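All remarks here apply to the structure that follows.
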Amino acid sequence: MTLKKINTVLTAVFILFILWFGTDFILSPETTAPGFGLPSWPPGDGGGFLVIKGIRDVVLALVLGVLLVTGHRRALGWVLLVESLAAYGDMTTVLAHHGSVATALGVHGLTATLMAVTGLLVMRETRKVATAPRPA
């Protein structure tokens, strides 16, 4: 299997995972929220913030999907790298609010790291290869 095919499969998996997770937050935030890793449900009408998080995730997945489908591989690599920062931010948020360390590192941290590695692999796949000078 070529690097391009591996990168395409990894990216497609991220897109599907982020779409599923984001849609779950939109449709049923009260059942999805405990898996995020924070210690408690937000007080008052905090559920609206969870829906916003779901919308964010769906949009992040759609951006990746558009770049993958249109074949903009170099931009796809950059966006994977940048979007990994959202998952690192989620990890930091869970840790800063005394949430589950296992979830922070095992879900958010691992996802962020795998996204960053996939982004770097896509960047490697798309780098320009220098051609040897022609003999005179």
Side-chain angles (χ1 to χ4, degrees):
M1 194 179 254
T2 66
L3 181 59
K4 184 175 181 177
K5 286 182 184 178
I6 292 169
N7 292 340
T8 299
V9 169
L10 288 172
T11 302
V13 167
F14 279 118
I15 291 167
L16 294 174
F17 174 72
I18 298 167
L19 275 175
W20 167 73
F21 199 72
T23 302
D24 231 16
F25 260 100
I26 293 168
L27 298 177
S28 59
E30 64 282 345
T31 57
T32 308
F36 189 75
L38 292 173
S40 63
W41 179 261
D45 190 24
F49 289 102
L50 298 173
V51 172
I52 290 170
K53 186 245 184 283
I55 292 169
R56 176 201 76 174
D57 287 349
V58 169
V59 170
L60 292 174
L62 292 174
V63 169
L64 291 172
V66 167
L67 292 172
L68 182 64
V69 169
T70 59
H72 291 91
R73 307 286 295 183
R74 189 88 177 154
L76 177 63
W78 280 111
V79 172
L80 277 162
L81 286 171
V82 170
E83 286 190 10
S84 73
L85 297 176
Y88 281 124
D90 291 346
M91 176 189 73
T92 304
T93 299
V94 171
L95 292 173
H97 290 88
H98 311 291
S100 166
V101 173
T103 303
L105 300 175
V107 175
H108 304 295
L110 182 61
T111 299
T113 301
L114 290 174
M115 283 182 78
V117 167
T118 302
L120 290 171
L121 287 171
V122 172
M123 297 292 285
R124 181 171 186 240
E125 162 204 324
T126 60
R127 71 177 177 205
K128 301 276 187 220
V129 178
T131 56
R134 294 184 185 190

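Just the heavy atoms: all of them, side chains too, but no hydrogens, waters or symmetry mates, feed the values below. Predicted, not measured: the structure shown is a model, and the values here were computed from it. This chain uses plain numbering: 1 for the first residue, then up along the sequence.
- Connection of I15 to L81 is not established within any shared hydrophobic cluster, with ILVMFWY side chains joined at heavy-atom distances below 4.5 Å, either directly or through further cluster members.
- Between L19 and A61 the shortest heavy-atom distance is CG-CB, 3.5 Å.
- Across all their heavy atoms, Y88 and G109 have their closest contact at CE2-O, 4.2 Å.
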Requested in this report: Let me see the working for F14 and T111 under side-chain contact (heavy atoms from CB on, under 4.5 Å), right down to the final yes or no.
Outcome: CA-CA 9 Å; F14 279 118; T111 299; 4.3 Å; yes
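- The backbone N or O of L10 sits nowhere less than 3.5 Å from a side-chain atom of T118 that would complete a donor-acceptor pair.
- Note that the CG atom of D90 and the CG atom of L95 stand 11.0 Å from one another [nearest 0.5 Å].
- For the residue pair K4 and R73, the shortest heavy atom distance occurs at O-NH2, 3.2 Å.
- In the hydrophobic cluster analysis, where Ile, Leu, Val, Met, Phe, Trp and Tyr join through side-chain heavy atoms closer than 4.5 angstrom, I18 is grouped together with L67.
- For the side chain to side chain contact (heavy atoms under 4.5 Å, CB included) with T8, the qualifying choice from T2, L76, L68 is L68, the only one to do so.
- In this structure, H108 contributes its side chain and F36 its backbone to a donor-acceptor pair below 3.5 Å.
- A donor-acceptor pair under 3.5 Å is formed between the side chain of T126 and the backbone N or O of M123.
- In this structure, R56 CZ and E83 CD are separated by 9.5 Å, a value rounded to the nearest 0.5 Å.
- As a member of the Ile/Leu/Val/Met/Phe/Trp/Tyr network built from side-chain separations under 4.5 Å, V69 groups with nothing else and remains a singleton.
- Placement of L64 and V9 in two distinct hydrophobic clusters is found when ILVMFWY residues are connected by side-chain heavy-atom separations under 4.5 Å, directly or transitively.
- Scanning all heavy atoms of the two residues, the minimum distance from S100 to V94 falls at O-CG1, 3.5 Å.
- Within the model, atoms OG1 of T11 and CG of L80 stand 5.0 Å from one another, a figure rounded to the nearest 0.5 Å.
- With rounding to the nearest 0.5 angstrom, the OG1 atom of T93 is 10.0 Å from the NZ atom of K53.
- Atom CG in L85 sits 10.5 Å away from atom CE in M91 (nearest 0.5 Å).
- Of all non-hydrogen atoms in A86 and L60, the two that sit nearest each other are CB-CD1, 4.0 Å.
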Report task. Starting from the C-alpha separation in whole Å, work towards a yes-or-no answer on side-chain contact (heavy atoms from CB on, under 4.5 Å) for L50 and T32. Result -> CA-CA 9 Å; L50 298 173; T32 308; over 6 Å; no
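- Nearest heavy atom pair, residue V51 against residue P29, reads CG2-CG, 4.1 Å.
- Connection of V13 to V117 is not established within any shared hydrophobic cluster, with ILVMFWY side chains joined at heavy-atom distances below 4.5 Å, either directly or through further cluster members.
- Using a 30° and 60° split on the angle between ring planes, F21 and F17 fall in the parallel class, below 30°.
- Enclosure of atom CZ in R74 by more than 12 non-hydrogen atoms of other residues, nucleotides or ligands within 6.0 angstrom is indicated.
- Transitive grouping of hydrophobic side chains (ILVMFWY, heavy atoms separated by less than 4.5 Å) keeps W78 and V63 in distinct clusters.
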